[in-house]
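Okay, so here's the structure we're looking at.
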Amino acid sequence: MAIPFNKPYMTGNELAYIAEAHANGHLSGDGPFTRHCNALLEQQVGCAKALLTHSCTAALEMSALLLALQPGDEVIMPSYTFVSTANAFVLQGAVPVFVDIRSDTLNIDEALIESAITERTKAICVVHYAGVACEMDEILRIASKYGLMVVEDAAQAIYSSYKGRPLGAIADFGCLSFHETKNVISGEGGALLVRDEARIQRAEILREKGTNRSRFLRGQVDKYTWVDVGSSYLPSEIVAAFLRAQLEAGETITARRIAIWDRYHAWAEGHEAAGRLRRPVVPSHCKHNAHMYYLQLPSLEQRTGFIEGMKARGVQCVFHYVPLHSSTAGLRYGRSHGDLRVTDSVSDTLVRLPLWVGLEERLDQVMAMADDVLLS
């Protein structure tokens, strides 16, 4: 494609930091670059503890372990999300309970959560779609009423906020992604954000293969040993070195993405007024990070035609999730609560436009081609 959907951005410091990590003689996990990234995230997001992981999937799996789920326990979540959101809990024997999404923000419909709660419900996992916050006050109110834990799948939401509170640090646990398609990247990578200091020690143990190695490295015990279940969730220092450069430039990266998002949004206004599409909705109390710019077209056929038309012009546009509730594994491991008609409709009609730092100089070209396709 002449204009790809995504193009990984480098700040210019990544390779120098990787060389420094090699010179340090420490390339495995939890070296100085990992610790620096943890500290940067704690400062930028405001959580009690940030722990880098090798993926957001790993962070979600850690959150499932920290919830101490038992087989048959239920976790309420949207169906319109990536498979890792559900898989992390299914691996612990839990049952994903899928509820529909709102038609405006495409986030979990908080008005449907309470009726989905049963005696087996243990947690709610929310997904901040496109970096726009779910209605966290109402979700936390429901969780408190029923004694439930809340996990934020904030894979798309670094530097976004809800009523001034950074996403990922509002609920019990937050999970970030640094996959190459995200705003801040390390190729693969993620982080678990822990709100409650009382849960930090076990999170460290789970991340270090079930050992208390983190306490040993801090000199709190004279040797380390196997004390709990766990796995190897650490990224390498090479990954952390790359990520440090990205986190240090996070504010600049976000500003450039928002500038592109704003230009798309102004361009699409006329098409929305003419009934050709729907634009994204960002509530006034939510600050987004311009993770993506999407359009909702009137039908599956029109969405397919738009993608093919843009492809013929050298621009890569893509659809997004296939609903989990109707997937093979979703039918086997989960259950649906109520009618998920919004999820099904959005899955058929949503298309994502290219959005990456560096696209600015070709953005007019993308929009002109989109005009041509929409008006043809």
Side-chain angles (χ1 to χ4, degrees), residues 4-45 47 49-63 82 84-85 88 128 130-131 152-160 166-169 173-194 203-204 207-208 231-257 289-292 355-359:
F5 171 70
N6 181 63
K7 186 176 181 180
Y9 171 71
M10 290 182 65
T11 70
N13 291 328
E14 287 84 352
L15 298 183
Y17 283 160
I18 289 171
E20 184 180 334
H22 182 265
N24 288 342
H26 186 149
L27 295 181
S28 60
D30 270 351
F33 280 99
T34 302
R35 293 193 295 271
H36 190 85
C37 287
N38 289 342
L40 277 174
L41 284 170
E42 290 161 12
Q43 175 188 343
Q44 293 175 353
V45 180
C47 58
K49 187 65 177 178
L51 295 168
L52 285 197
T53 58
H54 56 67
S55 64
C56 185
T57 300
L60 284 162
E61 290 180 8
M62 286 181 64
S63 73
F82 190 57
S84 294
T85 309
H128 301 301
E152 292 176 79
D153 183 338
Q156 303 173 9
I158 190 169
Y159 306 133
S160 295
L167 300 188
F173 304 108
C175 304
L176 300 177
S177 174
F178 305 118
H179 185 269
E180 69 167 30
T181 57
K182 300 303 188 291
N183 294 33
V184 171
I185 65 172
S186 57
E188 297 279 357
L192 176 71
L193 309 180
V194 183
E204 291 179 333
R207 181 171 168 267
E208 277 277 20
S231 190
S232 182
Y233 290 121
L234 280 68
S236 76
E237 275 290 275
I238 296 172
V239 169
F242 195 105
L243 180 61
R244 174 180 170 178
Q246 296 272 314
L247 290 173
E248 289 175 343
E251 185 176 336
T252 299
I253 291 170
T254 303
R256 290 183 65 178
R257 293 182 69 98
N289 63 354
H291 171 63
M292 72 172 82
L355 203 168
W356 36 270
V357 174
L359 180 64

Practice problem: Mind running side-chain contact (heavy atoms from CB on, under 4.5 Å) on Glu61 and Tyr233 for me, showing each step along the way? | Solution: CA-CA 9 Å; Glu61 290 180 8; Tyr233 290 121; 3.3 Å; yes
Exercise. Determine, stepwise, if the pair Ile158 / Lys182 fulfils side-chain contact (heavy atoms from CB on, under 4.5 Å).
Key: CA-CA 9 Å; Ile158 190 169; Lys182 300 303 188 291; over 6 Å; no
Quiz item: Which is it for Leu15 and Met10 under the side-chain contact (heavy atoms from CB on, under 4.5 Å) test, yes or no, and what are the steps along the way?
Solution: CA-CA 9 Å; Leu15 298 183; Met10 290 182 65; 3.9 Å; yes
Quiz item: Can you list the steps and then say if Cys37 with Leu247 is a side-chain contact (heavy atoms from CB on, under 4.5 Å)?
Solution: CA-CA 8 Å; Cys37 287; Leu247 290 173; 4.0 Å; yes
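Of all heavy-atom pairs between Asp153 and Cys56, the closest is OD1-SG, 4.2 Å. For the pair Thr11 and Ala249, the tightest heavy-atom approach, listed with the atom from each and the gap, is CG2-CB, 3.6 Å. When all heavy atoms are compared, the tightest approach of Tyr9 to Arg256 is OH-NH1, 3.8 Å. Leu193 and Ala169 get closest at one heavy-atom pair: CD1-N, 4.4 Å. For Pro235 against Val239, the heavy-atom pair with the smallest separation is CB-CG1, 4.0 Å.
Note on residues 11-40: pairs passing ring-ring contact (aromatic ring centres under 6.0 Å, His included), not counting sequence neighbours, are Tyr17-Phe33.
Listed by chain and number, the residues in a side chain to side chain donor-acceptor pair (under 3.5 Å) with Glu204 are Arg218 (sequence neighbours excluded). Judged as a side-chain contact (heavy atoms from CB on, under 4.5 Å), and not counting sequence neighbours, the contacts of Ala154 are His128, Ala157, Leu176.
Although no hydrogens or angles enter the test, the distance criterion places a donor-acceptor pair under 3.5 Å between the side chain of Glu152 and the main chain of Gly168. Listed for the Glu42 side chain is a donor-acceptor partner under 3.5 Å among the backbone atoms of Ala50. Of the possible polar contacts, one joining the Gln246 side chain to the Ile185 backbone as a donor-acceptor pair under 3.5 Å is found.
Here the CD1-CG distance, from Ile253 to Asn289, works out to 11.5 Å after rounding to the nearest 0.5 Å. Interatomic distance, CH2 of Trp356 versus OG1 of Thr181, reported as 15.0 Å (0.5 Å rounding). In this structure, the separation between SG on Cys175 and CE on Met62 is 9.0 Å, given to the nearest 0.5 Å. Distance check: Ser186 OG to Glu180 CD gives 10.5 Å after rounding to the nearest 0.5 Å. Annotation: the span from Asp30 atom CG to Glu237 atom CD amounts to 8.0 Å, rounded to 0.5 Å.
Of the N and O atoms on the side chains of Gln156 and Ser177, not one donor lies less than 3.5 Å from an acceptor on the other residue.
Under the side chain to side chain contact (heavy atoms under 4.5 Å, CB included) test applied with Leu52, the options Leu234, Leu243, Leu192 reduce to a single match, Leu243.
Using a 4.5 Å heavy-atom threshold, the side chains of Arg257 and Leu355 count as touching.
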